[in-house]
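Every chain is numbered from 1, with letters handed out A, B, ... down the list of sequences.
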Protein chains: 2
Amino acid sequence: MLTRTTLPPTMKAVAQLAGVSTMTVSRVVNGVEVVRPDTVARVRAAIEQLNYRPNTSARMLAVQEQVGVGVLYSNPSGGYLGEILVGLLEGSGHQQMPARVVLDKCPPGASEVERATELIASGLQGLVLPPPLSDNAELLDAVEAAGTPVALVASRPPGPQRDLVSTVTVDDAAAAQEMTRHLIGLGHRRIAFIRGPLSQAASRHRLEGFQRAMAAAGLAVAPELVVDGDFTYRSGLDAAERLLAQAQAPTAIFAANDDMAAASVAVAHQRGLHVPGDLSVVGFDDTAIATTVWPELTTIRQPIAEMSCRALQILVEQIHDQVNRHLISPENVVLGHTLVRRQSDAPPRVRPAVRASPSAVLDP
Amino acid sequence: MLTRTTLPPTMKAVAQLAGVSTMTVSRVVNGVEVVRPDTVARVRAAIEQLNYRPNTSARMLAVQEQVGVGVLYSNPSGGYLGEILVGLLEGSGHQQMPARVVLDKCPPGASEVERATELIASGLQGLVLPPPLSDNAELLDAVEAAGTPVALVASRPPGPQRDLVSTVTVDDAAAAQEMTRHLIGLGHRRIAFIRGPLSQAASRHRLEGFQRAMAAAGLAVAPELVVDGDFTYRSGLDAAERLLAQAQAPTAIFAANDDMAAASVAVAHQRGLHVPGDLSVVGFDDTAIATTVWPELTTIRQPIAEMSCRALQILVEQIHDQVNRHLISPENVVLGHTLVRRQSDAPPRVRPAVRASPSAVLDP
DNA sequence: CTGAAAGCGCTTACAG
DNA sequence: CTGAAAGCGCTTACAG
């Protein structure tokens with residue numbers, strides 16, 4: 001059934017069928033604006049009919065331009081890296097100008113700046129940076145100094161817009177706000193928050209979203225209910241321990257990522273608390289651990305694969321423009337998130353005796 | 001410092017420097033045996049001096065052969081997929097004939113056979129299959145019927161050698177045996193084993209290794225100490241629960257993968273047991289969860305990235321041979337594993353009153 | 001054992 | 001607005 005002997009259609013075939021030269025087909029394929037509309041239509045039809053796809057090898061050879069981007073990572077936070085790679089692979093394949101993507105792991109000891117410089121020196125023209133490297137200002141300085149465009153995935157550091165730094169994120173603050181509102185909607189009032197490292201923009205935004213939702217509901221955030229974590233499971237263990245040891249323990253914990261949320265579930269179980277009966281626990285990211293752990297975690301889904309795919313796209317475009325001496329301008333793409341409800345959240349078992357004030361309207 | 005204006009050296013440049021034609025350079029690069037040794041040496045020197053690297057686009061265009069392999073996966077067991085992709089990316093880049101790699105996720109409902117057939121029909125000439133798809137005999141039948149070479153990662157199903165099916169694995173049985181011996185060496189006698197799904201060859205091999213080590217040490221394996229799991233965290237929870245509820249609970253649990261080991265740790269904590277003080281827990285695979293959980297898991301490290309890299313290599317070679325009408329023969333590569341000792345294992349707190357018989361020599 | 005010629009599928013100047 | 005010519009870097013026959 002599978003005839004591999006049939007060679008794929010070429011530009012010449014399309015040209016013949018459309019009654020034009022290959023040059024014109026090339027113009028249509030590349031979206032050059034000068035072609036007459038009816039000619040464009042004829043060529044498009046021929047392309048469709050033949051199911052023509054440009055041969056990327058030929059294209060790359062002809063344009064004398066090979067695009068390569070490096071992905072520098074450290075601390076592949078669990079499922080994160082996997083999803084990033086999925087997106088990259090999808091992106092690098094289904095593209096006009098496919099990019100060679102080179103992975104590089106930056107070991108804990110190594111200098112990140114040095115590593116990035118080496119990557120650039122090895123002939124790569126762009127860099128994708130996932131957290132936590134995305135929040136390393138020194139690194140961004142160095143890469144920018146080398147004139148190399150960068151795309152940050154899942155983090156948008158503060159400060160003035162840099163000329164070569166694009167970002168692809170979700171609205172972390174809005175998402176955290178939504179999740180907090182969800183918990184409040186279930187009836188929770190004493191809600192604890194486990195922060196991520198404040199060195200990462202995403203962590204700060206998530207905290208902001210939490211605070212905003214609490215304030216909007218007229219709920220005070222007791223200082224002892226906001227504790228530090230560093231996105232590791234281990235830190236989540238410590239944080240949850242501190243939280244649940246309190247005299248007036250929270251009825252819900254919102255952890256700034258899934259690893260720390262999973263750790264909170266473990267601590268709750270250790271203390272004989274039922275999740276979500278005695279304690280609701282929610283996370284952020286929807287990485288593998290969210291569905292590994294039991295009960296499965298209610299969390300915010302970031303479309304990581306899509307994000308890294310977009311990051312690659314942006315980079316490839318910019319590299320292309322840069323080669324052609326066009327001015328390039330950075331993009332800041334914000335993709336949509338989703339609150340994924342699973343089994344780790346429920347109304348608090350015991351309604352607080354003192355109701356929230358009537359002014360605490362949840363949804364105006 | 002970075003001069004991007006310098007164009008990379010071409011075959012012509014090498015030919016000129018070596019005083020030969022480009023044809024001869026091509027022969028040397030491709031390892032064609034007919035070239036005179038001293039000519040080869042001269043060309044090699046020129047290649048070295050110029051730091052010449054063949055232009056893959058030109059090569060692919062000229063040979064009219066584009067290699068594409070599909071990776072079909074379902075149930076990306078946590079960190080597994082990430083590591084597989086890392087290996088694939090490394091492999092697809094650093095190769096003579098770089099391969100286009102296309103990812104395809106097979107959703108729970110979808111027919112795996114159908115999916116694979118589509119991938120092949122879409123122009124891919126080889127398939128990489130991670131578990132559990134690697135153990136689907138029906139799938140292998142179908143792919144083989146289509147004449148497409150396959151490489152299985154981390155699983156070697158039983159039965160006669162198939163003509164088109166290669167495997168890259170570790171020696172699961174030997175690794176499990178080693179881990180069991182390690183526990184015995186620490187002084188454990190009542191060692192429980194949580195099995196993986198018996199439909200997967202790797203599961204069966206790990207169980208065999210466990211049994212072999214126990215038998216070799218003259219230890220009986222109580223039937224109630226071998227329980228079923230399906231490699232999910234959830235199943236590990238149930239299994240550990242059953243194990244630890246027993247009157248004479250085990251002093252160590254060996255789970256056939258890390259997810260189930262992590263679940264065992266959670267159950268132990270829930271029951272107030274200290275790990276590893278009261279209970280040792282060890283896993284298999286060394287996926288992300290092994291270092292996420294606390295205490296970090298002692299486990300067997302499989303070099304997954306390297307395995308998938310090799311799988312890709314094998315496939316690319318075979319596709320190449322197939323195109324050239326050579327007969328292809330499947331390979332079965334066994335890579336080395338490592339016992340990674342971390343914090344989840346220790347000698348049993350209470351030495352059993354009855355020592356093992358003197359004949360229970362652990363290391364002959 | 002080695003090389004000159006033609007071609008892979010596309011694009012970049014240049015004409016018209 | 002469209003096309004004929006030359007070339008990207010490599011390889012496949014074919015000579016010698």
Side-chain angles (χ1 to χ4, degrees), chain A residues 5-44 46-47 50-67 95-98 100 123 320 323-326, chain B residues 6-44 46-47 50-67 95-98 100 123 320 323-325:
Chain A
T5 42
T6 314
L7 288 158
T10 123
M11 202 166 236
K12 205 160 112 189
V14 175
Q16 261 167 344
L17 182 61
V20 296
S21 74
T22 58
M23 217 25 261
T24 301
V25 178
S26 172
R27 288 197 181 94
V28 172
V29 168
N30 292 296
V32 178
E33 297 284 346
V34 286
V35 190
R36 245 193 0 227
D38 57 302
T39 312
V40 172
R42 221 145 18 99
V43 173
R44 286 247 169 83
I47 288 177
L50 261 35
N51 191 18
Y52 165 75
R53 314 206 122 283
N55 179 320
T56 45
S57 294
R59 181 181 223 286
M60 295 189 75
L61 182 59
V63 300
Q64 286 287 88
E65 174 189 334
Q66 90 148 323
V67 179
Q95 206 151 247
Q96 270 279 1
M97 173 66 66
R100 187 169 64 105
H320 184 74
V323 169
N324 298 351
R325 308 277 144 85
H326 295 144
Chain B
T6 313
L7 288 158
T10 127
M11 201 168 237
K12 205 161 113 190
V14 175
Q16 262 167 343
L17 183 60
V20 296
S21 74
T22 58
M23 217 25 263
T24 300
V25 177
S26 172
R27 289 198 182 93
V28 172
V29 168
N30 293 294
V32 178
E33 297 285 346
V34 286
V35 189
R36 245 193 0 229
D38 58 304
T39 312
V40 172
R42 218 142 25 96
V43 173
R44 287 247 170 82
I47 289 178
L50 259 37
N51 191 18
Y52 165 75
R53 314 204 122 282
N55 179 320
T56 46
S57 294
R59 182 182 223 285
M60 295 189 76
L61 182 59
V63 298
Q64 285 288 87
E65 172 190 335
Q66 89 150 325
V67 179
Q95 207 151 245
Q96 268 280 1
M97 173 67 66
R100 188 168 64 103
H320 184 74
V323 168
N324 298 352
R325 309 277 143 85

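Residues A/Val43 and A/Ala18 approach most closely at CA-CB, 4.0 Å, considering heavy atoms. Of all the heavy atoms in A/Pro9 and A/Asn51, the pair that sits closest is CG-O, 3.9 Å. Closest non-hydrogen pair, B/Tyr52 versus B/Thr10, comes out as CE1-C, 3.6 Å.
Within residues 14-21 of chain A, the residues approached by DNA chain D to less than 4.0 Å at the level of any non-hydrogen atom are A/Val20, A/Ser21, in residue-number order. Taking every heavy atom of residues 33-42 of chain B and every atom of DNA chain C, pairs under 4.0 Å involve B/Val34, B/Val35, B/Arg36, B/Thr39, by number.
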Its contact letters, B for base, S for sugar-phosphate only and - for none at protein heavy atoms under 4.0 Å, make nucleotides 10-16 of chain C read BSB----
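Among residues at least two apart or in separate chains, salt bridge (charged side-chain N to carboxylate O under 4.0 Å, His left out) pairs with a member in residues 31-43 of chain A are A/Arg36-A/Asp38.
An OP1 or OP2 oxygen of C/dC1 is reached within less than 4.0 angstrom by no side-chain nitrogen or oxygen of B/Thr24.
The side chain to side chain contact (heavy atoms under 4.5 Å, CB included) check on B/Ala58 picks up A/Leu61, B/Asn55, with sequence neighbours excluded.
For DNA chain D, the stems formed by at least three consecutive Watson-Crick or G-U pairs, with both atom-pair distances below 3.5 Å, span C:1-3 with D:14-16, C:5-12 with D:5-12, C:14-16 with D:1-3.
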Atom pairs and distances, donor-acceptor, side-chain atoms in residues 20-29 of chain A, under 3.5 Å, two or more places apart:
unit_1  : atom_1 : unit_2  : atom_2 : d
A/Ser21 : OG     : A/Met23 : N      : 3.3
A/Ser21 : OG     : A/Thr24 : N      : 3.4
A/Ser26 : OG     : A/Asn30 : ND2    : 3.4

